Number of protein chains: 2
Amino acid sequence: MKKKRPTLQDVADLVGVTKMTVSRYLKNADLVSSPLQIRIREALDTLGYIPNRAPDILSNSKSHAIGVLLPSLTNQVFSEVIRGVEGVFEPAGYQTMLAHYGYSRESEEARIATLLSYNVDGLIISESFHTDRVRKMLEVAGVPVIEIMDSVSPPIEQAIGIDNEAAAYAMTHFMIEKGHRKVVYFAARMDERTLLKIKGYERAMQDQGLTPLCVKTTSASSFTLGATFLEEVLKQQPDTDGIFCTNDDLAIGALYACQKAGIKVPEQIGIAGFHGHDISRAMVPLLATVITPREEIGRLAAEHLLSRLQGNPIQQRVIDLPFKIEAGESL
Amino acid sequence: MKKKRPTLQDVADLVGVTKMTVSRYLKNADLVSSPLQIRIREALDTLGYIPNRAPDILSNSKSHAIGVLLPSLTNQVFSEVIRGVEGVFEPAGYQTMLAHYGYSRESEEARIATLLSYNVDGLIISESFHTDRVRKMLEVAGVPVIEIMDSVSPPIEQAIGIDNEAAAYAMTHFMIEKGHRKVVYFAARMDERTLLKIKGYERAMQDQGLTPLCVKTTSASSFTLGATFLEEVLKQQPDTDGIFCTNDDLAIGALYACQKAGIKVPEQIGIAGFHGHDISRAMVPLLATVITPREEIGRLAAEHLLSRLQGNPIQQRVIDLPFKIEAGESL
DNA sequence: CATATTATTGTTACACGTAACATTAACATA
DNA sequence: TATGTTAATGTTACGTGTAACAATAATATG
């Protein structure tokens with residue numbers, strides 16, 4: 001009953017040639033004679049032929065699809081990474097298959113297997129620690145892989161990102177320079193990058209003889225969470241005079257909570273975030289934050305992957321991109 | 001040189017059975033004898049076998065992949081839609097292929113063709129107007145299609161969304177009720193949904209005997225744009241006492257600009273946004289906005305698509321979800 | 001013990017576009 | 001006219017997992 005969609009053979013039959021001739025037309029119209037070009041074009045139109053990549057993928061395993069595996073698709077950070085990736089791959093004629101693993105290693109394994117089962121030509125993934133099973137899969141699959149977000153070393157093949165630990169160290173140091181002493185760190189999610197940032201923060205505090213203090217949760221960050229954390233800290237450590245948050249969301253939440261509570265920022269408490277989203281750079285007061293090159297990470301990852309798909313060798317194993325300390329008005 | 005990744009045949013050879021037996025094991029381990037189960041498991045492990053969906057897609061054209069086509073992948077609205085979709089399809093064992101078309105119809109055609117060339121089992125798309133070519137493609141492909149975002153009528157098959165025009169009408173009406181008379185509309189992008197909202201706004205103004213005024217641009221919205229628009233309007237229409245923005249970004253940008261310029265919100269100017277993102281519901285003052293069920297749209301679209309993939313008929317052609325007027329503190 | 005039944009594994013064919021090679025037709029040149 | 005060259009189209013084979021059917025072995029039943 002449900003007629004299947006037309007194949008090349010159907011088109012060829014309508015024209016009265018073999019499917020190979022139609023295939024040639026599709027690849028490059030000038031490979032067939034001009035009268036045939038017209039008739040084939042008409043037949044394609046009449047039947048509404050839609051190309052089918054499956055047989056080609058099967059016989060030469062080039063899918064022209066690349067897999068992008070991220071912890072989350074909603075987090076704004078990763079949205080911007082995706083924009084960077086798509087900006088390169090879409091014009092290059094590659095289809096991106098996005099997957100997310102919700103920060104779970106098990107899920108990461110399953111997602112990579114799925115992407116590979118669709119014969120993606122390359123992978124962009126976003127953690128630097130991987131289980132042995134994942135490493136084996138990537139090796140066996142033999143597709144180029146790029147790890148993004150942290151400039152981790154040594155990478156499986158190639159890594160592109162920032163030095164999260166150094167970035168957190170720098171911002172903490174900057175806050176101390178600005179006169180904040182009792183600086184508390186607000187952490188959420190507790191993923192790999194957050195752990196690195198905590199390390200940087202703690203090191204910076206200790207280097208100045210100060211005592212680090214971390215408020216943590218494994219759940220996702222949000223504006224509300226920033227506010228909740230602030231209340232908690234003010235209750236337990238009323239002399240806190242600085243808050244460094246693992247991302248802008250927490251920072252903005254904390255800042256609004258201060259405004260509501262009548263606490264002056266930055267006079268009474270200095271607040272800093274991480275990433276430098278648009279909102280942080282438009283709000284009043286401007287948020288102090290670490291500006292990270294999220295879109296560029298995506299763009300570069302895609303460009304390097306593309307280069308390797310074109311047969312070029314790895315150019316640079318680790319690409320460490322610069323971050324920037326934005327002073328804002330909240331410190 | 002580059003050893004290709006192992007096939008079922010390689011695994012079968014190692015065990016000393018036919019690939020059919022291994023295929024059975026993969027589908028349901030109990031279909032093969034227990035001693036074989038162990039040996040197959042070992043062989044799979046040794047070789048690091050990765051399933052290959054291509055042949056199956058080719059022979060029965062069920063890919064267990066669904067295509068999601070959105071105007072933009074970075075816009076927070078669509079991020080949340082994606083979350084809703086993935087929340088359903090991921091546990092159901094479907095891989096989503098995301099694509100975006102940057103609000104261009106040409107690109108929409110190309111992207112749909114690409115998704116179909118990978119034999120997606122179903123499509124979620126996000127415009128209600130489509131070219132004839134697109135309609136033909138969808139018809140020929142014979143896969144279930146769901147249109148999301150606006151509760152448009154009549155849909156190709158099924159549409160899920162909100163009534164954008166009614167929502168804009170309701171908010172405009174609410175602003176007028178609150179005493180704002182010279183309400184200006186800030187529009188960006190000028191996509192289908194924005195046009196509907198403008199229509200609702202204009203109708204509401206006219207119904208109250210007021211003159212609608214729209215500030216427009218085809219470029220993307222941003223916080224900065226909201227600020228720019230505000231300056232412009234204050235120069236040209238200094239007696240403006242209300243601003244209704246096509247999304248929260250513009251509204252927040254305008255609100256911050258007011259704060260910087262010393263204009264009191266809502267006393268001098270009332271400001272309203274659209275969508276009700278987290279930030280709008282956390283900021284000071286709370287933004288008046290239309291709360292839209294973005295994630296639910298994604299979730300419902302996925303659930304209905306899944307139901308149809310399981311062979312069920314269309315249950316309801318148009319699903320019109322409720323929006324909510326959030327009064328906030330900015331009106 | 002013979003036949004029926006079930007459990008387990010094997011065989012064959014298929015999906016469809018394209019690379020590689022083969023053929024035919026058309027034209028040019030000596 | 002015979003041979004060489006090019007242009008245009010055709011033929012064949014291939015990739016890999018699985019449905020459908022076939023065959024065999026093992027067990028049960030009368």
Side-chain angles (χ1 to χ4, degrees), chain A residues 2-40 43-44 47 49-65 113-114 116-121 140-142, chain B residues 2-40 43-44 47-65 113-114 116-119 121 140-142:
Chain A
K2 233 188 203 170
K3 70 274 179 199
K4 259 197 325 166
R5 82 189 204 197
T7 68
L8 266 196
Q9 186 66 60
D10 297 327
V11 179
D13 289 347
L14 190 59
V15 179
V17 293
T18 57
K19 56 182 179 170
M20 194 62 225
T21 305
V22 184
S23 172
R24 284 198 187 92
Y25 171 87
L26 252 24
K27 196 210 224 182
N28 176 356
D30 285 335
L31 290 174
V32 306
S33 62
S34 21
L36 262 191
Q37 287 185 23
I38 299 169
R39 288 166 54 207
I40 292 177
L44 288 169
L47 296 177
Y49 175 76
I50 299 166
N52 183 357
R53 296 206 49 76
D56 195 31
I57 294 173
L58 178 57
S59 56
N60 74 41
S61 65
K62 284 273 163 288
S63 62
H64 279 244
T114 302
L116 290 175
S117 78
Y118 285 100
N119 295 281
V120 291
D121 292 342
V140 165
Chain B
K2 231 186 204 170
K3 70 273 178 199
K4 260 196 325 163
R5 80 188 207 198
T7 67
L8 265 196
Q9 186 65 60
D10 296 327
V11 179
D13 289 348
L14 188 61
V15 179
V17 294
T18 58
K19 55 183 180 167
M20 194 61 225
T21 306
V22 184
S23 172
R24 286 201 186 91
Y25 171 86
L26 252 24
K27 195 209 225 183
N28 177 355
D30 285 335
L31 291 174
V32 306
S33 61
S34 21
L36 261 192
Q37 288 185 21
I38 298 168
R39 289 167 52 208
I40 292 176
L44 288 169
L47 295 178
Y49 176 76
I50 300 166
N52 182 358
R53 295 206 49 77
D56 195 32
I57 293 172
L58 177 58
S59 56
N60 73 40
S61 65
K62 285 273 163 287
S63 62
H64 279 244
T114 302
L116 291 174
S117 78
Y118 285 100
N119 295 283
D121 292 343
V140 167

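Protein chains get the first letters and strands the later ones, always in sequence-line order, with residue 1 at the start of each. All values reported here derive from a predicted model rather than from experimental measurement.
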### Query
Using the C1' atoms of the five pairs at each end, what is the angle between the end axes of the helix from dC1(C)-dG30(D) to dA30(C)-dT1(D), to 10°?
50°

### Atom pair distance, as rounded to whole Å: CD1 in I57(A) and P in dA15(C)
18 Å

### Message
What I'd like to find out is whether the side chain of K62(B) reaches to under 4.5 Å of the side chain of D121(B), using heavy atoms alone.
### Response
yes

### Query
For T7(B), does its backbone N or O pair with a side-chain atom of D10(B) as donor and acceptor, under 3.5 Å?
yes

### Message
Holding to side-chain hydrogen bond (donor to acceptor under 3.5 Å, both in side chains), I want the full list of residues that pass it with Y118(A), two or more places apart in sequence or in another chain.
### Response
none

### Query
Within the structure, does a side-chain N or O atom of S33(B) lie under 4.0 Å from either OP1 or OP2 of dT9(C)?
yes

### Query
In whole Å, what is the span from the CG atom of D30(A) to the P atom of dT9(D)?
12 Å

### Message
D30(A): which residues meet the side-chain hydrogen bond (donor to acceptor under 3.5 Å, both in side chains) condition with it, sequence neighbours left out?
### Response
Q37(A)

### Message
Expressed as a whole number of angstroms, how long is the span from I40(A):CD1 to dT9(D):C1'?
### Response
10 Å

### Task
Round to a whole Å and report the spacing from CG of L31(A) to C1' of dA19(C).
13 Å

### Task
Determine, for nucleotides 16-28 of chain D in 5'-to-3' order, which nucleotides have protein heavy atoms under 4.0 Å from the base (write B), from only the sugar-phosphate (write S), or from neither (write -).
BBBBB--------

### Task
Sequence neighbours left out, what passes side chain to side chain contact (heavy atoms under 4.5 Å, CB included) with D13(A)? Give chain and number order.
Q9(A)

### Task
Kindly say if T18(B) contacts the phosphate of dT11(C), meaning a side-chain N or O under 4.0 Å from OP1 or OP2.
no

### Query
Excluding sequence neighbours, so at least two apart, what forms side chain to side chain contact (heavy atoms under 4.5 Å, CB included) with A43(A)?
V11(A), L14(A), V15(A)

